[in-house]
Amino acid sequence: FVVYLTTLNDLRKMTESKGLEFVALDEKTASEERCASAGSLLFKTWPENGSLESRTRKLLEMCKDSKEESLPRCFVLEDSASGHVVGFARLQNAADMSSDRGVAVTSVAIDSAQRGKGLGTMLMRNVEEIAKSLQFGFIYLWTNTAQGFYEKCGYSLCDRVSLSLPVFSSFGQEVEEKVQSLEQNLAAKFAKITRGLAPPGTKKKAVSETDMPDESDQENVWMRKRLMDFVASSVYFTDPAELLSEVERGVNVSGILPMMLSSSTEDEKQGCKGIQIIANVVPWQQQIGPSCGLTALRMASEALVGDSDATLVLKRDQLLQEATKKGWSSEGEIFNIGILEELAGETLCLSAHVHPIHSNGEYVMDLVNHIVGQNGLCIFPYDHSPGTGLPSQQSGGSAHYCIIIGFAWPSETSENSHDTNSIQTTVLKPNSDEKYALILLNPKAESKVAQSKEILRSAERYPNEFCFVAQHSGKKHLLVAPGKDFIASNKQLSVPTSSKHSTWVTQNMDLAS
């Protein structure tokens with residue numbers, strides 16, 4: 001068996017014990033001699049992709065502007081005695097559609113004279129720890145020659161990702177696919193040119209990992225490895241002024257501010273002048289892979305019961321392992337909200353109940369009425385718009401979980417107000433033919449009848465403008481959108497059939513129930 005060390009210090013000691021040094025190249029460490037040695041290794045591995053001089057020059061230019069926490073960044077494995085570079089790898093951005101943030105390892109090369117000594121494994125583990133320290137949950141690569149080696153390193157086959165700037169993924173699937181199509185066409189043209197220049201009888205070389213692979217070449221395979229189950233929580237918007245500012249930002253993003261401020265009722269003819277906010281403060285976590293449901297449950301648990309119970313904290317950290325052990329998930333995807341209910345109750349010791357979104361009646365009022373009964377949180381499934389995270393209707397094609405942490409509605413006063421007291425909830429037994437939300441009860445809070453009445457009165461008074469304030473694990477910014485839009489998105493959920501979900505979806509399972 002293999003013992004995987006988990007810290008950079010441990011890896012550094014192990015590397016040094018082998019007479020090697022793992023060096024991150026930057027303005028200080030990228031000397032001409034070191035870059036020339038690395039360039040020589042790259043030239044020997046991929047001679048068709050540039051001369052030795054051009055390789056060295058490009059490395060010097062790239063490393064000149066390299067920063068410790070920015071990408072791309074190059075790394076070398078160096079023989080401590082001779083100073084000779086025996087290994088090379090590069091980390092660069094990749095557009096991971098699950099979180100708009102991914103990393104790929106490219107240009108992995110080991111000196112042919114040093115292969116078979118474990119240097120490749122050592123190089124990969126060092127690079128992976130760097131990626132992990134930058135809080136990347138998955139690391140991607142592609143290969144047409146070393147699939148077996150990477151499988152031994154813990155990588156498995158996956159769908160293709162884009163090595164473009166991750167910002168492209170925020171424009172949605174259509175733009176992302178167009179960018180990838182352009183990359184493929186350019187790669188195919190480049191491959192034809194290089195094959196045409198190759199002398200007759202030249203043996204086929206491994207594709208350079210810095211260039212996009214030719215998708216027409218069936219030998220290319222994409223692989224990935226999970227580095228982390230989750231990213232540690234960060235707490236935002238604890239100050240009332242910060243919370244107010246963030247909700248105002250969310251209102252502007254959703255475009256409903258003019259509608260909220262122009263709202264009027266029979267007894268308020270002049271329109272409203274501000275925004276009333278009641279919300280919880282919930283620690284935020286960035287999801288890794290398609291794990292929005294598990295991450296939402298983890299955030300809710302931390303908000304409701306805190307970190308005082310070490311055993312509970314450990315169980316919270318191991319939610320993914322628990323879900324995969326029971327066969328409910330492979331990479332964090334949860335398409336049955338009943339599973340979240342079971343994890344919340346049996347694993348996290350929370351009082352959790354699935355609540356139906358009724359097929360008729362006042363949908364928003366119904367859900368709000370059952371969120372404000374006892375103090376707690378609501379995990380809510382819906383389709384989200386790429387980029388903004390706002391509710392949309394895509395028949396489950398962009399299914400996502402958020403936490404409803406509060407409400408916002410038009411205020412009749414010129415001063416915006418806020419209340420960070422916990423919101424209250426009650427429970428109804430679900431029916432099998434309806435869509436659902438998961439209600440998590442807060443055992444520490446007492447019912448605040450006056451607050452509950454105010455929320456319900458406002459939801460009834462402003463049926464179109466009453467907004468849910470929601471937090472989700474894709475981005476730290478809060479979502480603010482009319483409750484009726486969230487309800488409409490929830491009601492149309494179904495199992496997605498797009499091929500891009502093929503590695504995440506458990507087939508023949510009701511998405512919402």
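Both backbone and side-chain heavy atoms feed into the values below; hydrogens, waters and symmetry mates do not.
- Atom CE of Met365 sits about 12.0 Å away from atom CD1 of Ile487, to the nearest 0.5 Å.
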**Item:** Working for side chain to side chain contact (heavy atoms under 4.5 Å, CB included), residues Glu322 and Glu346
**Value:** CA-CA 11 Å; Glu322 182 70 12; Glu346 292 189 3; over 6 Å; no
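- You'll find the side chain of Phe486 reaches within 4.5 Å of the side chain of Cys402, heavy atoms only.
- Heavy-atom minimum distance, Val480 versus Cys467: CG1-CB, 3.8 Å.
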**Request:** Please report the C-alpha distance between Lys225 and Met124 in whole Å, then the side-chain angles of each, then the deciding distance to 0.1 Å, and finally whether the side chain to side chain contact (heavy atoms under 4.5 Å, CB included) criterion is met.
**Result:** CA-CA 11 Å; Lys225 179 179 180 178; Met124 291 299 295; over 6 Å; no
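- Side-chain contact check for His472 and His384: no donor-acceptor pair (N or O, by modelled atom type) lies under 3.5 Å.
- With a 4.5 Å cut-off on side-chain heavy atoms, Trp409 and Arg461 do not count as touching.
- For Ala488, the side-chain contact (heavy atoms from CB on, under 4.5 Å) criterion is met by Gln393, not counting sequence neighbours.
- The shortest distance between side-chain heavy atoms of Asp317 and Asp229 does not fall below 4.5 Å.
- Side-chain contact between Leu348 and Leu343 is absent, with no heavy-atom pair separated by less than 4.5 Å.
- Atoms CH2 and CZ, on Trp142 and Arg160 in that order, are 8.0 Å from each other to the nearest 0.5 Å.
- A 6.0 Å sphere centred on NZ of Lys64 holds no more than 12 heavy atoms belonging to other residues, nucleotides or ligands.
- Taking each heavy atom of Gly389 and Tyr382 in turn, the nearest pair found is O-OH, 2.6 Å.
- Annotation: side chain of Ile404 is not in contact with side chain of Ile379 (no heavy-atom distance under 4.5 Å).
- From Met223, atom CE reaches atom SG of Cys158 across 8.0 Å, with rounding to the nearest 0.5 Å.
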**Request:** Take Ser473 and Gln287 through the side-chain hydrogen bond (donor to acceptor under 3.5 Å, both in side chains) test and state the conclusion after the steps.
**Result:** CA-CA 5 Å; Ser473 53; Gln287 74 181 69; 2.8 Å; yes
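- Between Leu478 and Ile405, the closest side-chain pair of non-hydrogen atoms falls below 4.5 Å.
- The distance from atom CG of Leu227 to atom OG of Ser133, rounded to the nearest 0.5 Å, is 10.0 Å.
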**Asked** Can you check side-chain hydrogen bond (donor to acceptor under 3.5 Å, both in side chains) on His477 and Glu246, steps first, answer last?
**Response** CA-CA 7 Å; His477 291 301; Glu246 177 62 17; 3.2 Å; yes
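- Using a 4.0 Å cut-off between a side-chain N of Lys or Arg and a carboxylate O of Asp or Glu, Arg224 and Asp159 do not qualify as a salt bridge.
- Residue Gly396 comes nearest to Leu493 through the heavy atom pair CA-CD2, 4.0 Å, listed as atom of the first residue, atom of the second, then distance.
- To the nearest 0.5 Å, the span separating OG on Ser233 from CD on Gln285 amounts to 3.5 Å.
- Of the charged side-chain nitrogens involved, none lies within less than 4.0 Å of a carboxylate oxygen, so that Glu129 and Arg125 do not count as a salt-bridged pair.
- At distances below 3.5 Å, at least one donor-acceptor pair connects side-chain atoms of Gln471 with backbone N or O atoms of Pro283.
- At distances below 3.5 Å, at least one donor-acceptor pair connects side-chain atoms of Asp383 with backbone N or O atoms of Gln394.
- Taking both residues in full, the closest heavy atoms of Ser301 and Arg316 are given as OG-NE, 3.1 Å, listed atom of the first, atom of the second, then distance.
- Looking at heavy atoms from C-beta onward, Glu331 lies out of side-chain contact with Ser291 at the 4.5 angstrom threshold.
- No donor-acceptor distance shorter than 3.5 angstrom exists from the side chain of Gln318 to the backbone of Lys315, with no hydrogens or angles considered.
- With rounding to the nearest 0.5 Å, the separation of CG in Leu320 from NZ in Lys325 is 12.0 Å.
- The side-chain heavy atoms of Leu134 and Val103, taken from C-beta on, include no pair separated by under 4.5 Å.
- In this structure, Tyr462 and Pro410 approach most closely via the heavy-atom pair CE1-O, 3.7 Å.
- Distance alone, capped at 3.5 Å, is enough to place a donor-acceptor pair between the Ser254 side chain and the Val251 backbone.
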**Request:** Decide yes or no on side chain to side chain contact (heavy atoms under 4.5 Å, CB included) for Phe136 and Leu71, but give the supporting numbers first.
**Result:** CA-CA 12 Å; Phe136 288 107; Leu71 300 179; 3.9 Å; yes
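- Between Tyr140 and Phe138, the ring planes lie tilted relative to each other; the angle falls in the 30° to 60° range.
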**Request:** List the steps and the verdict of side chain to side chain contact (heavy atoms under 4.5 Å, CB included) for Ile256 and Glu465.
**Result:** CA-CA 8 Å; Ile256 62 170; Glu465 299 87 1; over 6 Å; no
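- Heavy atoms only, all atoms of each residue included: Leu479 and Leu390 are closest at CD2-N, 4.3 Å.
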**Message:** Set out, in order, the CA-CA distance, both residues' side-chain angles and the distance that settles salt bridge (charged side-chain N to carboxylate O under 4.0 Å, His left out) for Lys132 and Glu128, then state yes or no.
**Reply:** CA-CA 6 Å; Lys132 185 176 178 180; Glu128 289 161 8; over 6 Å; no
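- When ring centroids are compared, Tyr401 and Phe380 stay outside the 6.0 Å threshold.
- Looking only at distances, a side-chain donor or acceptor of Asn336 sits under 3.5 Å from a matching main-chain atom of Gly338.
- Here Glu460 does not pair with Arg457 in a salt bridge; the nearest charged N to carboxylate O distance is not below 4.0 Å.
- The number of heavy atoms from other shown groups lying within 6.0 Å of CD (Glu27) does not exceed 12.
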